Every structure is written in structure tokens, then in C-alpha cells.
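Data block below; observations after.
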Number of protein chains: 2
Amino acid sequence: MKDNNDMPGHLARRFQQISVAVFLAEVEDAGFDLTPVQYAALATIKANPGLDQVTLAGLIAYDRTTITGVIDRLVQKGLAERRPSSRDRRARELEITDEGRRTLRKITPAVESAQRIMLRGLSAKEGEELMRLLRKAIAAGNELSRAPLRDAQL
Amino acid sequence: MKDNNDMPGHLARRFQQISVAVFLAEVEDAGFDLTPVQYAALATIKANPGLDQVTLAGLIAYDRTTITGVIDRLVQKGLAERRPSSRDRRARELEITDEGRRTLRKITPAVESAQRIMLRGLSAKEGEELMRLLRKAIAAGNELSRAPLRDAQL
DNA sequence: TACTGATAGTCAGCATACTGATCAATAAGA
DNA sequence: TCTTATTGATCAGTATGCTGACTATCAGTA
């Protein structure tokens, strides 16, 4: 009988479960209310001002139908803006607000602390190796999910 | 600027995303309709007949509020049964049905195939190392999520 | 230019996950 | 034994994620 602990899928789920819990706890301790998904979206909007939702989805490997709700909540919190694109009337251009910029800046230490805590059982070398192996497995499986990672077309 | 690819949390999410997609695709190809979560729950019920929902949750590290819905769906599909415990009138005892047993048996090749596909970018040695590091990181962070892994109290 | 196919965004519906609350029942203590 | 704390299960509410469908728009082509 194969144990759960021999199933990469089970280990993936568990590691992700812990990493989300750690992220939320650190961010809340810092006095903010932002999910990992919202953080990644906001940071990516800041790094790519004016990008549309499909491009954003590709850059962080979210499904496009998930993005809609995430942006809704960022807009509702006053951290991002969504406005119609002038070049393509189907598309919406995304911008970070000053409030969003402030939040990102203040929240960064908590986010970095969370990344350390997730790996606290591993040595520095092991942590690097884990990330390398995850990147490699992810690269090989990129096209297998509905929401693969995509470079921006600029 | 720290890249997403340097964030273990982001890599965890992405690996989990791919592993769920692979699992569902393999299982559907085999002609079944069972999620990773439902599979883990069903296999654990089979291995521990008559266990209650809290024990099940602990064995696979699910939140107890999530288990309710998962069992609902297993029962609705005729794969498991939920009946009041004779020893503790608060608790429900879980049993796998014959249909559930049959499903588990027939679905196993697809599940194992899925585990291989998730790691297809890695050598056998790298796959082992990835699982070892995940297990180690998970063990250190076990208590950090609301749904830690727990041994059965038997 | 009219048609066809592809694309951006949204929506309904379903399945995890979590927070925090509630209810019933049990266990532990004074 | 009476009281109190704890526990098993569920529920309401919220946030990912996905499938599949739909509208509006755009792009390529006959």
C-alpha cells in the first residue's frame, strides 16, 4: 500500500496548505489583510503598469476566470484600478494605486518572513535545492494545467 | 525585486495546481470522476474502517469543516457510508462501500500514473529528493496550518 | 466589405479550504 | 453529582480554482 507520504501530489497539497497559512499569519501580524493570490497580482500589476487581465493571468499562472474576482477585491480595497483599454475595447488596463504601492512597500518584510518560515525545517542549501527541483518539475508540467505561465507579449 | 520564481510559496501553489490538473486528467481518462481530495479520503476510510470524521481529517491533514462536504459527495456517489457511532453519539462512523472498493481498485493505475507525470521533468533521484525535502519542510511546518497531520488514536 | 475564427472578460456552477459560530454530547473537575 | 470545558459535526460566509458557456470585440481572409 502506497503511503500518502510517497505521493508527490499529496505532499504538494500539504506544502501549499502550510505556505498559505504562514503567509496569511505573517501578513495579518503586520496589520494587513491580503491573500497570497492578491499579493502576487498586485506586485505584478506594479511591475507591469497598464497590463490587461489575460496578460496578468499568464504572468502568474492564474486562470483567467479567477483573475476577475481577485481584481474585484483589489479594486474594492482601493489597491488597484481597472479601466477600459483605449487600444482594445474588450480589454481592461490595470493600474496600482498610491494606496496599493504603500501597502506593497509596508507588507514586503512580512512576505519575505513568510518565505523563510515555510522553509524553516531545511538548511539554506536544502531550501535552494527544493526550489530548484520545484522549478524544474513545474517547467516540465507547465502546459498541463489550464492556467500555464506565459511571458508578457510586449 | 524578488521574482516569483524565488518564492517557495509561489512554487508550492504552482506545483499543486499542476498536480491537481494531472490527477484529474488521468482519472477522467480512466473513466472516473473523483478529485484528489475525495480519493485520499476514500483510501483512508478503506484503510481505517469505522473511523470518525475528525480522525480522518487528521490522517490526511484536512480541515474538519472541509471533510463534511467531501464525505457528502462520497456518500452521494455511493462510495462511502456515514452512520452514527454507537460509542459516541456526536460522532459518525465512516465505511467504504463495495462500490467504493471497486472504484479504488480500478482507479489505482491512473493515480500512480498521475504521480509519475507530475515528476516527469525530474530524474528518479531528483524525484526522490524533491519528496524528501517536501516531507522535511512539511514536518517542520505541520502545526502552522489549521489542519495539521495527526496520528490516529487507536 | 462580409464572414470566420480567435480573443478579453464575465458568469453560473461546482469543489476545495479557511474563519468563526453553533449545537449536542462527552469528559473532567470540584 | 453538578458545573465547566472540550469535542464531533455542521453551517454561514469568504476566497481561490476550475469547466463550460456567453457577449463583445478584434483580426485575418475571401
Side-chain angles (χ1 to χ4, degrees), chain A residues 9 12-14 16-25 28 33-41 51-58 60-77 82-94 144-148 150 153, chain B residues 9 12-14 16-25 28 33-41 51-58 60-77 82-94 144-148 150 153:
Chain A
R13 181 189 150 278
R14 189 81 186 92
Q16 150 77 353
Q17 180 183 44
I18 290 169
S19 83
V20 170
V22 168
F23 184 101
L24 292 175
E28 192 191 342
D33 170 32
L34 210 64
T35 66
V37 165
Q38 288 164 17
Y39 170 80
L51 85 174
D52 65 289
Q53 295 184 192
V54 165
T55 303
L56 171 59
I60 48 186
Y62 292 1
D63 193 275
R64 68 186 195 285
T65 64
T66 302
I67 284 285
T68 300
V70 173
I71 304 292
D72 281 350
R73 288 179 280 277
L74 286 177
V75 168
Q76 204 231 317
K77 288 177 182 176
R82 173 157 49 186
R83 41 163 188 273
S85 165
S86 46
R87 294 186 310 283
D88 185 338
R89 274 186 303 171
R90 292 170 304 179
R92 316 299 190 85
E93 284 175 4
L94 303 173
L144 300 179
S145 78
R146 168 160 142 162
R150 297 272 181 240
Q153 310 291 334
Chain B
R13 180 190 151 279
R14 191 79 186 93
Q16 149 78 352
Q17 181 184 43
I18 290 168
S19 81
V20 171
V22 168
F23 184 101
L24 291 175
E28 192 191 342
D33 170 32
L34 209 65
T35 67
V37 164
Q38 289 164 15
Y39 170 81
L51 85 175
D52 64 291
Q53 295 185 190
V54 165
T55 304
L56 171 59
I60 46 187
Y62 292 1
D63 193 275
R64 67 186 193 285
T65 63
T66 302
I67 283 287
T68 300
V70 174
I71 304 293
D72 281 350
R73 287 178 281 278
L74 286 177
V75 168
Q76 204 232 318
K77 289 177 183 175
R82 174 159 46 188
R83 43 163 184 269
S85 164
S86 45
R87 293 185 311 284
D88 184 338
R89 276 185 301 172
R90 291 169 304 180
R92 315 300 190 85
E93 284 176 3
L94 304 173
L144 300 178
S145 78
R146 167 160 144 166
R150 298 273 180 239
Q153 311 290 334

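Just so it is clear: chains get the letters A, B, ... in the order the sequence lines come, proteins before strands, and each one is counted from 1. The model shown is predicted, which means the values in this text are computed figures rather than measured ones.
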query: A:Lys77 side chain to A:Leu34 main-chain N or O, any donor-acceptor pair under 3.5 Å?
result: no
task: Kindly say whether A:Val70 contributes a backbone atom to a donor-acceptor pair with the side chain of A:Tyr62 at under 3.5 angstrom?
output: no
task: Give a yes-or-no answer on whether the side chains of A:Arg13 and A:Gln16 include a donor-acceptor pair shorter than 3.5 Å.
output: no
- prompt: A:Asp88 and A:Ser85: side-chain donor and acceptor closer than 3.5 Å?
  reply: no
Please state how far atom [atom1] in [X] lies from atom [atom2] in [N], giving the value in whole angstrom units.
X: B:Arg14; N: D:dT16; atom1: CZ; atom2: P; result: 17 Å
X: A:Asp33; N: C:dC18; atom1: CG; atom2: C1'; result: 13 Å
X: B:Leu24; N: D:dT19; atom1: CG; atom2: P; result: 8 Å
X: B:Ile71; N: D:dT10; atom1: CD1; atom2: C1'; result: 13 Å
X: A:Leu56; N: D:dG17; atom1: CG; atom2: P; result: 13 Å
X: A:Phe23; N: C:dA17; atom1: CZ; atom2: P; result: 18 Å
X: B:Arg83; N: D:dA9; atom1: CZ; atom2: C1'; result: 17 Å
X: A:Asp63; N: D:dA15; atom1: CG; atom2: C1'; result: 15 Å

Any [X] side-chain N or O less than 4.0 Å from OP1/OP2 of [N]:
X: B:Gln17; N: D:dT16; result: no
X: B:Gln16; N: D:dG17; result: no
X: B:Gln38; N: C:dT16; result: yes

task: Find which nucleotide of DNA chain D each of A:Arg89 and A:Gln76 is nearest to by heavy atoms, and output the residue with the more 5' nucleotide.
output: A:Gln76
statement: Residue pair B:Thr68/B:Arg13 against DNA chain D: nearer the 5' end by closest nucleotide is B:Thr68
Please determine, for the side chain of [X], which listed nucleotide ([options]) has the closest atom?
X: A:Arg82; options: D:dT7, C:dT10, C:dA17; value: C:dT10
X: A:Thr65; options: C:dT26, C:dA15, D:dC18; value: D:dC18
X: B:Ala91; options: C:dT16, D:dT25, D:dG8; value: D:dG8
X: A:Arg146; options: D:dG8, C:dA8, D:dT19; value: D:dT19
X: A:Val37; options: D:dT16, C:dT26, C:dA17; value: D:dT16
X: B:Asp52; options: D:dA9, C:dT16, C:dC18; value: D:dA9

query: Counting only Watson-Crick or G-U wobble pairs whose two distances fall under 3.5 Å, which nucleotide matches D:dA30?
result: C:dT1
- prompt: Touch check for B:Thr66, heavy atoms < 4.0 angstrom, all strands: base, sugar-phosphate only, or nothing?
  reply: base
- request: Remember a base hit wins even if backbone is also touched, and classify B:Ala147 as base, sugar-phosphate or nothing at under 4.0 Å, heavy atoms.
  value: sugar-phosphate
message: Evaluate B:Arg92 against B:Ile71 for side chain to side chain contact (heavy atoms under 4.5 Å, CB included), listing each step before the verdict.
response: CA-CA 11 Å; B:Arg92 315 300 190 85; B:Ile71 304 293; over 6 Å; no
query: Any donor-acceptor pair under 3.5 Å between the side chain of B:Arg90 and the base of C:dT26?
result: no
query: Pick the nucleotide of DNA chain C nearest each of B:Arg64 and B:Gly69; which residue has the one closer to the 5' end?
result: B:Gly69
task: Output, in order, the C-alpha distance, side-chain angles, deciding distance and verdict of side chain to side chain contact (heavy atoms under 4.5 Å, CB included) for B:Gln17 and A:Arg146.
output: CA-CA 9 Å; B:Gln17 181 184 43; A:Arg146 168 160 142 162; over 6 Å; no
